[in-house]
Amino acid sequence: MLDIKYLRNNFEKVKEALRNRGADLSLDDFLKLDENRRKKLVEVEKLKNKRNTVSEEIGKLKKQGIDAKDLIDEMKNVSEEIKKLDDEVKQIEEQIHEILINIPNIPHKTVPIGADETQNVEVKKWGDLPGFKFKPKPHWEIAEELDIIDFKRAGKVTGSRFVFYKGLGAMLERAVANFMLDLHIKEHGYVELTPPLIVNSNSLVGTGQLPKFEEDLFKLKDTDYYLIPTAEVPVTNYYSNEILNGDDLPIYHCAYSACFRSEAGSAGRDTRGIIRQHQFTKVEMVKFCKPEESYQELEKMVQNAERVLQLLELPYRVINLCTGDLGFSAAKTYDIEVWLPSYDSYKEISSCSNCEDFQARRANIRFRRTSKSKPEFVHTLNGSGLAVGRTIAAVLENYQQPDGSVAIPEVLRPYMGGLNKITKK
RNA sequence: GGAGAGAUGGCCGAGUUGGUCGAAGGCGCUCGACUCGAAAUCGAGUGGGCUGUAAAAAACAGCCUCCAGGGUUCGAAUCCCUGUCUCUCCGCCA
């Protein structure tokens, strides 16, 4: 959510920023509503002041046993008038809130201006692409042949876009997750949280998935609960409605969780394999920091995510998303894309965003620089570190051998009981 | 799921026959005095949001805020309704 004062005073600037994002929003009503609200507030506050002072007087008179009937009658009218005006103000405020809550974040000045993903800017490339001397297979074929992922039975048990990991596949899933967690906890300074996988709508508004993107979520019937689409939601909201101590910032949390996405509107995309699932696991990184340090923290977070791929020795590139490709809450986002031979291209495996104070304002997360200072909104960041399913796909494809087996990356072996290879039975 | 109790400021905790209650008292914290310094003691201060004076800061004034949302009333922390959460007991369960 934008600061209402900022919007009021930088109206044209905001409109331009939204145009760059391709967000077609009409803000025309805003200024009028805003002005009207303040006019009405002055009016009603004056009346409330009168009511407060006179009511106090009535109390005093009654204590002395003096009849205050005239004053009470007068106040009846005042109270009615107040009720009427209060309703009007409330209605206006709802309209203003409706507008504010649907405005996406303003892109940072270092974000390239562009209409869509074709105008994203590659900022880094790492690693050598595998030079196969045989025809590499896509991960779903490798996995089925090794009997480590079962697509068919998941379809039977649940439906499309679900899988069972099986045997060494299931172990690999745990290994990848534990490797990532240990790295972030022990070397990058993150404190692990195991979050609820179900959150209420308020939390989803806090991080920006609601109210605009409800169709992407799984909602639990007849409740206010949703399955989380990412651990970013519970972890960011962990500090909602709190005022943090400035000395404790920056705060780093990581969380391993399942994520649930309806994938509405992506029918037909990535239908094979484990790239696009309704349920997948992910290690998420979330940071809370002071405004002046958030961009430096974003760079560090990207490095933390990159480190996972470097240690796994998987080739990747880093992309600076352009204005037209930014997510709703993000002011700046780097995507990390891993090399996937079956796609003959790079595929997103992490997305690291600085949301500045956009989520903090929605979720009301503040901090005090010193015990005497006024509260300020923190900046929040989030990034995948990494998506586990896509990492497994990348490992299977990049580490496949001519005989159909898959070598296990060095750093994962301790997590696989020392195993160095997954072979056919 | 059934029965009961509760939710007050950073924390503890008064206030529940409605009327100077934004809220006693204590702790904590900040500043000052005392001290070579510290402790102890004494004094002062100490929530948040919104609006106006104003374009902004300091300041001042007003409004809102005692879990949330409604209601009764001239007036609600106090009364009524709904919801959320916490605790105790019973049942069930990993």
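Throughout, a chain's letter reflects where its sequence line sits, starting with A, and its residues are numbered from 1. Just so we're clear, the structure is a prediction, and the values are computed from it rather than from any experiment.
Considering only side-chain N and O atoms, Arg366(A) lies nowhere under 4.0 angstrom from the phosphate OP1 or OP2 of rG48(B). For Arg368(A) and rG10(B), the shortest distance from a side-chain N or O to OP1 or OP2 is not below 4.0 Å. Distances shown here put a side-chain N or O of Arg37(A) below 4.0 Å from the OP1 or OP2 atom of rU51(B).
Between the CG atom of Leu47(A) and the C1' atom of rU51(B) there is a distance of 14 Å, rounded to whole Å. Between the C1' atom of rG10(B) and the CG atom of Leu244(A) lies a distance of 13 Å, rounded to the nearest Å. Tyr6(A) places its OH atom 16 Å from the C1' atom of rA56(B), with the value rounded to the nearest Å. Atom CG in Asp3(A) sits roughly 13 Å away from atom C1' in rG49(B) (whole-Å rounding).
Val176(A) has its side chain out of reach of Tyr415(A): every pair of non-hydrogen atoms, C-beta onward, lies at least 4.5 Å apart.
Looking at Tyr256(A) and Glu192(A), their side chains never bring a donor and an acceptor atom within 3.5 Å of each other. Defined by atom type and a distance below 3.5 Å, a donor-acceptor pair is present between the side-chain atoms of Asp335(A) and Ser351(A).
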What's touching nucleotides 27-30 of chain B from the protein side, N or O pairs under 3.5 Å?
| from | atom 1 | to | atom 2 | distance (Å) |
| --- | --- | --- | --- | --- |
| rU30(B) | O2' | Lys372(A) | NZ | 2.9 |

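Salt-bridge annotation for Arg161(A) and Glu263(A): absent, with no side-chain N of the basic residue lying under 4.0 Å from a carboxylate O of the acidic one.
Among the nucleotides rG47(B), rG52(B), rA56(B), the one closest to any side-chain atom of Val42(A) is rG52(B).
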Per-nucleotide protein contact string for nucleotides 62-79 of chain B, where B marks a base within reach and S marks sugar-phosphate only (heavy atoms under 4.0 Å, - for neither): BSS-----S-S-BS----
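Here the closest non-hydrogen pair linking Leu168(A) and Met416(A) is O-CE, 3.9 Å.
At least one donor-acceptor pair closer than 3.5 Å links the side chain of Arg390(A) to the backbone N or O of Glu348(A).
Classification of the Phe162(A)-His278(A) ring pair by plane angle, with boundaries at 30° and 60°, yields tilted.
Scanning for side-chain hydrogen bond (donor to acceptor under 3.5 Å, both in side chains) contacts around Asn200(A) gives Ser203(A), with sequence neighbours left out.
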